[in-house]
Visitor: 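Here's a structure for you.
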2 protein chains.
Amino acid sequence: MTDPAIRPIAIIGGTGPAGTGLALRWARAGETVIIGSRDAARAEQTAEIIRTRAGAKAQVSGMENSAACATSNLLVLTVPFEGQAALLKQLKTAMRQGSILIDATVPLAASVGGRASRTIGVWQGSAAQQTAELVPKGVAVAAAFHNVSADVLNSDADVDCDVIVCSDDPNAMQIAMELATKIPRVRALDGGKLENARLVEQITALLIGLNIRHQGHGGIRITGFPDAVYKTSWIS
Amino acid sequence: MTDPAIRPIAIIGGTGPAGTGLALRWARAGETVIIGSRDAARAEQTAEIIRTRAGAKAQVSGMENSAACATSNLLVLTVPFEGQAALLKQLKTAMRQGSILIDATVPLAASVGGRASRTIGVWQGSAAQQTAELVPKGVAVAAAFHNVSADVLNSDADVDCDVIVCSDDPNAMQIAMELATKIPRVRALDGGKLENARLVEQITALLIGLNIRHQGHGGIRITGFPDAVYKTSWIS
């Protein structure tokens with residue numbers, strides 16, 4: 001990473017499929033990862049499972065969410081939308097000044113009892129912008145990792161997907177893009193301002209609908225740009 | 001095409017970049033194409049340009065929009081969003097029973113003086129659903145071709161993009177997917193119900209923002225499904 005002080009990676013609400021999948025990939029890439037959960041014991045159990053899968057050298061531990069926030073300057077939020085706002089309010093005092101929070105939340109209609117192939121409108125425009133409103137001043141927010149299949153992340157397969165990152169903070173943008181490229185075959189693309197997260201979040205609902213109809217684990221690739229535009233670990 | 005009676009292809013509002021690009025590709029594929037415009041003379045001029053580009057055998061003519069509707073059972077709508085509703089109301093009596101209308105409209109904020117990298121909310125949920133509300137009974141609507149770069153369509157390059165088709169009508173879905181595969185390298189994917197057009201329309205705004213920031217002609221590919229899921233002219 002550009003800034004080695006931005007470590008370890010704390011995955012808040014990290015015991016679900018997206019959180020464990022990202023943790024597995026980053027642990028394999030040699031990153032130190034903290035799994036955060038409401039329940040410290042559950043976080044530790046999940047960390048143990050990831051350590052077993054990622055190999056003997058994997059550095060993965062589990063903590064209660066606020067302890068994880070207090071231990072790291074790099075937070076990744078992977079909670080269902082229905083839990084997002086309440087959790088952020090609860091963690092507000094635990095987050096450190098200068099932290100970066102990468103939000104992967106998608107406002108699926110499933111969060112209000114509807115379908116996962118539909119979204120609901122968020123007053124702020126996107127789940128990521130809701131997050132930006134709820135974090136303390138001095139915490140920079142990026143939106144990323146919405147469209148990467150949790151099933152694929154939790155497998156041993158390469159991830160055939162681009163990660164579009166949106167942020168108003170250049171450092172958060174940079175860090176999120178670098179984190180993305182630690183996952184084999186993922187390419188990262190600067191998606192512009194945080195407000196654009198609403199466009200990227202919607203794609204997840206589309207992919208979920210495609211998954212249901214066509215029995216797959218959908219991802220996206222953006223075409224039509226020179227390779228230099230992407231941050232990538234697999235194109236030279 | 002599955003049904004040879006669903007011809008020729010009439011591109012309503014077809015003198016803009018998207019319309020001319022699609023017309024060029026379909027003319028090259030041997031389809032008979034009518035360019036529709038408010039102004040018959042302008043439609044004829046555009047048709048002449050496309051004929052010149054597509055080759056001696058190209059069958060492209062130009063007509064006033066309502067005449068084009070009255071001549072074809074397969075309509076493709078490629079107008080800016082700000083002109084969509086008024087044009088459809090005007091053409092209501094000209095459209096034939098049993099027609100299929102393929103809507104490529106994207107509700108960009110540019111239509112109300114805003115940015116082309118943002119969208120506006122449409123009461124019905126999407127531009128395509130607005131169209132479905134405005135066409136006469138007996139006209140089936142599909143949404144498609146939103147994300148294909150007009151610049152690339154108007155070039156000689158292959159089109160590195162998937163076309164996600166949304167429709168509540170199985171025949172319209174089928175025809176739109178087949179039309180997509182007439183463009184070299186395009187793959188077509190069943191995107192489900194017409195209401196999902198709102199997700200696909202949003203992607204265009206994302207791609208326009210990426211084009212502005214990164215100087216390219218963005219497209220998308222959906223990954224993670226077996227090849228059999230796509231209708232395609234380029235994967236066996």
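FYI, side chains are in, hydrogens and waters are out, and symmetry mates aren't considered; it's all heavy atoms of this structure.
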Visitor: So for A:Ser149, is it side chain, backbone, both, or neither that comes closer than 4.5 Å to the heavy atoms of chain B?
Guide: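 Looking at A:Ser149, nothing touches chain B.
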Visitor: List the atom of B:His214, the atom of A:Val229, and the distance in Å for their closest heavy-atom pair.
Guide: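 Nearest heavy atoms, B:His214 then A:Val229: CG-CG1, 3.6 Å.
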Visitor: I'd like to know which of B:Gly121, B:Gly218, B:Ser117 tops the heavy-atom pair count under 4.5 Å against chain A.
Guide: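 Among B:Gly121, B:Gly218, B:Ser117, the one with the most close pairs to chain A is B:Gly218.
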Visitor: Return the option, out of B:Cys161, B:Gly191, B:Gly209, B:Ala205, with the maximum number of heavy-atom pairs under 4.5 Å with chain A.
Guide: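 Option with the top pair count is B:Gly191.
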Visitor: Pick out which of B:Ile222, B:Thr223, B:Asp162 makes a side chain to side chain contact (heavy atoms under 4.5 Å, CB included) with A:Ile220.
Guide: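 Exactly one candidate clears the test, B:Ile222.
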Visitor: Measure the spacing between CD of B:Gln202 and CD of A:Glu201 and express it to the nearest 0.5 Å.
Guide: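 Answer for the CD-CD pair, B:Gln202 versus A:Glu201, is 11.5 Å.
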Visitor: Given that the side chain runs from C-beta out, which part of A:Ile164 has a heavy atom under 4.5 Å from chain B: side chain, backbone, both or neither?
Guide: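 For A:Ile164, the side chain is the part near chain B, not the backbone.
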Visitor: Among B:Leu206, B:Leu199, B:Ile203, which residue has the highest count of heavy-atom pairs closer than 4.5 Å to chain A?
Guide: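 That would be B:Leu199.
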Visitor: Locate the shortest heavy-atom distance separating A:Arg213 from B:Asn196; write the atom from each residue and the value.
Guide: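 Looking at all heavy atoms of both residues, the shortest contact is NH1-ND2, 3.8 Å.
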Visitor: Please classify the contact between A:Arg118 and chain B as side chain, backbone, both or neither, with a heavy-atom cut-off of under 4.5 Å.
Guide: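 Looking at A:Arg118, just its side chain touches chain B.
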Visitor: Mind checking the CG-CZ spacing from B:Asp160 to A:Arg221? Nearest 0.5 Å is all I need.
Guide: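 The distance works out to 11.5 Å.
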Visitor: For residues B:Pro226 and A:Gln215, report the shortest heavy-atom separation together with the two atoms involved.
Guide: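 In terms of heavy atoms, the two residues are closest at CD-O, 4.4 Å.
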Visitor: Non-hydrogen atoms of chain A under 4.5 Å away: do they reach the side chain of B:Asn147, the backbone, both or neither?
Guide: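 Contact with chain A: none, neither part.
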Visitor: Looking only at non-hydrogen atoms, find the nearest pair between B:Asn211 and A:Phe225 and report the distance.
Guide: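 So the minimum-distance heavy-atom pair works out to OD1-CZ, 3.2 Å.
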